[in-house]
Each structure stands twice: as C-alpha cells, then as structure tokens.
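Some notes on the structure that comes next.
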Amino acid sequence: MTVLILGGTSEAAALARACAAAGLTDCLISLAGRTAVPLALPLPVRVGGFGGAEGLAAFIRENAITALVDATHPFAARISANAAQAVAQTGLPALTLHRAGWARQAGDIWLDVPGLGEAVEVLGPAPRRVFLTIGRQGLHAFARAPQHHYLARTIEPVGEVLRVPHLTELNARGPFDAEAEVALMLREKVEVLVTKHSGGASTYGKVEAARRLGLPVVMIARPASTALPATERVEEALAFVKAHLPPSSAGLPSSPA
Ligand code: NAP
C-alpha cells in the first residue's frame with residue numbers, strides 16, 4: 001500500500017526527504033519526465049504520464065494507492081486537474097502541497113499579465129534586453145517578438161523551441177539567490193524580467209534582484225487551483241502521508257506477534 005506523490009518540484013523533493021527521514025518509504029514519487037537527469041530522490045520514482053484522469057484513476061486502483069499528494073508546480077494545471085478528477089472517481093483521500101505565492105513589496109514594479117501571449121505584448125515594439133525565466137515549454141511564444149534580445153534560463157537546452165536572432169542561453173537549475181541574480185542581471189544588462197508567479201523561496205531571488213535594480217517584472221498569473229484540500233507546509237503533508245500508510249509502513253514499530 002502506497003501513497004502517490006505527484007512531483008517535479010522542490011516541494012515534492014522536500015516531502016520525499018521528510019518521508020524517507022521518518023521511515024515512510026512506502027511512497028511513490030511520480031515525475032512527468034521533462035528533465036533528462038532529474039534530481040536524485042530518496043524514495044521510489046516512476047516516470048511518465050498516466051494517460052489523463054482515466055489513466056491516473058486506473059493506476060490508483062491497480063497499485064493499491066491509499067492517498068495522493070499533488071505536489072506539482074502551481075503552473076502544472078493539467079496534471080492537477082487530472083488528479084482532482086481521478087480522486088473524485090476513486091474516492092481517494094488527497095492533499096495539494098503548493099508553495100505560497102509572492103507578496104508584492106514596496107519598490108516592486110510588476111506588470112501583471114494573465115498569460116504568455118500578454119507577456120509578449122507588454123514587452124512592446126522597441127527592442128529590449130529580456131530575461132526569460134519561465135521554463136522551456138513557454139519559450140515558443142516569444143518567437144513572434146524577435147526584435148528583443150533574450151536571455152533564456154532553462155534546465156534543459158532550449159533547442160528549436162525559440163528561434164530568434166538574439167538569444168543567450170543559460171542552462172541551470174535553482175535555487176538562485178538574490179546576490180547572484182543581481183550580478184547576472186547587471187552582467188547581461190537585463191532591462192526586464194519575465195517570470196511565472198510560481199511563488200516559493202527557491203526562485204524568489206530574481207524578483208528581489210529586479211526590485212533592487214529597479215527593473216520591471218512581467219508577472220504571469222497562476223492558473224486557478226483545484227478544489228482539493230491544500231497546504232503550503234511540508235510537515236502537514238508529511239502528517240497526511242503518515243496517516244494514510246498502514247502502521248507497519250508508517251514508521252511505527254510493528255506490534256509483537
Ligand atoms: P501539465 O501541463 O500539468 O501536465 C501535462 C501532462 O504531463 C499531464 O497531463 C500528465 O500526462 C503529465 N504529467 C505532468 N506532471 C506529471 C507527474 N508529476 N507525473 C506523471 N505525469 C505527469 O504539466 P507541465 O506544466 O508540463 O509540468 C510537468 C512537470 O514539471 C510537473 O510534474 C510539474 O510539477 C513540473 N514543473 C512544471 C513547471 C511549470 O512551470 N509548468 C515548473 C517546474 C516544474 P498524462 O495526462 O498522460 O497523465
């Protein structure tokens with residue numbers, strides 16, 4: 001009997017470490033398989049899509065899953081919607097572990113936009129030096145504004161996704177602290193930052209750096225979250241996992257025969 005943790009985030013990795021440290025090893029982390037070399041995790045991992053909500057519901061039934069934690073990225077809306085649907089179909093207990101959004105602070109210059117298309121528009125017609133930190137998948141949207149000079153930071157190589165005359169590519173995995181982000185933005189003469197409103201601490205350094213440098217930030221809004229119960233605290237998710245594993249695998253001593 002296993003708790004299924006939908007991952008691909010630093011929160012899921014933190015939960016995996018907490019579960020392993022508590023002896024809760026009957027958990028299974030699920031990754032989409034977007035990165036060629038994912039971070040090593042101390043729990044069993046499966047990789048690849050389930051085949052929509054129906055496929056996930058079948059996986060839950062076939063693998064004696066006792067509960068589900070949706071610890072995916074706030075912008076991974078499809079898998080979260082599938083999880084909510086599969087949970088409704090199977091009656092499985094479920095919890096969302098999502099990072100808190102960022103609060104706007106004095107000195108922040110945020111241009112809030114609802115999506116990628118609007119993010120491209122708001123950059124305007126004049127060429128600018130744009131720092132793209134939206135991951136690899138959304139980069140294609142910026143191909144229709146080839147006048148800008150883009151600095152694109154992604155984990156995987158950009159490849160053919162963004163073909164523009166002026167592209168500097170930086171392949172790196174967070175966390176990134178504010179000092180390093182300030183140095184990078186100065187070195188690359190960044191004029192505007194484009195980011196998803198991902199929230200959390202590990203990628204907040206760029207937002208802080210932009211504030212310090214007085215740079216505008218094109219802030220792409222989060223998609224709506226599902227109606228599943230939610231927490232921002234790894235300890236709460238850990239308690240949920242523990243409550244849904246049988247006693248012998250929940251880090252408790254087994255009862256005498
Ligand atoms: P998405 O659009 O919500 O999901 C697309 C499809 O990918 C899903 O329908 C599902 O395929 C599969 N999938 C996604 N997450 C999965 C998981 N944890 N385990 C198994 N299958 C999964 O997701 P996305 O935005 O492409 O993100 C993919 C993964 O990268 C997520 O796990 C997310 O946590 C992580 N991530 C995303 C972002 C972001 O900005 N979107 C940033 C950092 C990390 P099936 O329908 O076939 O099941």
Side-chain angles (χ1 to χ4, degrees), residues 1-50 55-56 58-76 78-80 82-84 86-87 90 92-100 135-136 153-156 171-177 180 198-205 226 228-255:
M1 294 170 86
T2 306
V3 172
L4 178 63
I5 300 170
L6 302 177
T9 57
S10 52
E11 288 73 23
L15 178 58
R17 286 192 296 272
C19 287
L24 308 177
T25 50
D26 284 341
C27 297
L28 180 63
I29 311 281
S30 176
L31 303 177
R34 299 281 188 271
T35 50
V37 186
L39 275 185
L41 294 168
L43 290 178
V45 173
R46 68 162 295 284
V47 180
F50 298 96
L56 179 52
F59 184 92
I60 287 168
R61 291 193 190 97
E62 288 159 14
N63 291 276
I65 303 297
T66 54
L68 178 146
V69 179
D70 176 8
T72 59
H73 192 271
F75 279 74
R78 192 131 53 96
I79 186 69
S80 290
N82 289 349
V87 159
T90 53
L92 200 71
L95 180 72
T96 297
L97 172 62
H98 269 180
R99 55 189 80 172
R136 185 174 177 275
R153 184 168 62 199
T154 54
I155 295 176
E156 297 293 314
N171 298 132
R173 193 195 295 266
F176 306 104
D177 70 40
S198 301
S202 68
T203 59
Y204 185 66
T226 67
L228 293 181
T231 182
E232 293 166 358
R233 299 178 55 239
V234 169
E235 311 82 70
E236 214 172 298
L238 178 66
F240 174 85
V241 170
K242 189 167 188 170
H244 292 93
L245 285 176
S248 59
S249 49
L252 300 175
S254 44
S255 46

Quiz prompt | side-chain contact (heavy atoms from CB on, under 4.5 Å) evaluation trace for Ile5 with Ser30 | solution = CA-CA 6 Å; Ile5 300 170; Ser30 176; over 6 Å; no
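- With contacts defined as side-chain heavy-atom distances shorter than 4.5 Å, the pair Pro175/Thr203 does not qualify.
- Side-chain contact check for Arg46 versus Leu31: every heavy-atom pair is 4.5 Å or farther apart.
- Across every non-hydrogen atom of Ala12 and Gly8, the tightest pair is CB-N, 4.2 Å.
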Practice problem: Check the pair Thr226, Thr96 against side-chain contact (heavy atoms from CB on, under 4.5 Å), reporting the backbone distance first and the verdict last. | Solution: CA-CA 9 Å; Thr226 67; Thr96 297; 4.1 Å; yes
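- With values rounded to the nearest 0.5 angstrom, Thr90 atom OG1 is found 4.5 Å from Ile60 atom CD1.
- The distance from the CZ atom of Arg153 to the CG atom of Asn171 is 11.0 Å, given to the nearest 0.5 Å.
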Quiz item: Could you go step by step and tell me if Asp70 and Ser80 meet the side-chain hydrogen bond (donor to acceptor under 3.5 Å, both in side chains) rule?
Solution: CA-CA 7 Å; Asp70 176 8; Ser80 290; 2.7 Å; yes
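- Relative to the ring axis of Tyr204, Arg99 does not place its NZ or CZ within 45° and under 6.0 Å from the centre.
- With a 4.5 Å cut-off on side-chain heavy atoms, Leu238 and Leu15 count as touching.
- Checked by atom type and distance alone, the side chain of Thr35 never pairs as donor or acceptor with a backbone atom of Val37 at under 3.5 Å.
- Proximity of a side-chain donor or acceptor of Thr72 to a complementary backbone N or O of Gly7 within less than 3.5 Å is not detected.
- Partners of His98 under the side chain to side chain donor-acceptor pair (under 3.5 Å) rule, at least two apart in sequence or in another chain, do not exist in this structure.
- If you take CD1 on Ile29 and CG on Leu39, they are separated by 11.5 Å, rounding to the nearest 0.5 Å.
- With rounding to the nearest 0.5 angstrom, the CG atom of Leu43 is 8.5 Å from the CG atom of Leu24.
- Taking 4.5 Å as the limit, some side-chain heavy atom of Val241 sits within range of a side-chain heavy atom of Cys27.
- Put simply, the side chain of Glu156 never gets that close to the backbone of Arg136: no donor and acceptor are under 3.5 Å apart.
- Closest non-hydrogen pair, Pro74 versus Ser198, comes out as CG-O, 3.5 Å.
- Taking CZ of Arg61 as the start and CG of Leu56 as the end, the distance is 10.0 Å to the nearest 0.5 Å.
- Here the closest heavy-atom approach between residue Ala237 and residue Thr231 is recorded as N-CG2, 4.3 Å.
- Side-chain atoms of Thr66 come within 3.5 Å of backbone atoms of His244 as a donor-acceptor pair (strictly under, hydrogens ignored).
- The shortest non-hydrogen separation linking Ala94 to Val87 is CB-CG2, 3.6 Å.
- With hydrogens and angles disregarded, no donor-acceptor distance shorter than 3.5 Å links the side chain of Asn63 to the backbone of Ile65.
- Annotation: side chain of Leu28 is not in contact with side chain of Val3 (no heavy-atom distance under 4.5 Å).
- Nearest heavy atoms, Ala71 versus Thr9: O-OG1, 2.6 Å.
- Atom CZ of Arg173 and atom OG of Ser10 lie 11.0 Å apart (nearest 0.5 Å).
- Considering only heavy atoms from C-beta on, Leu68 stays 4.5 Å or farther from Phe240 through its side chain.
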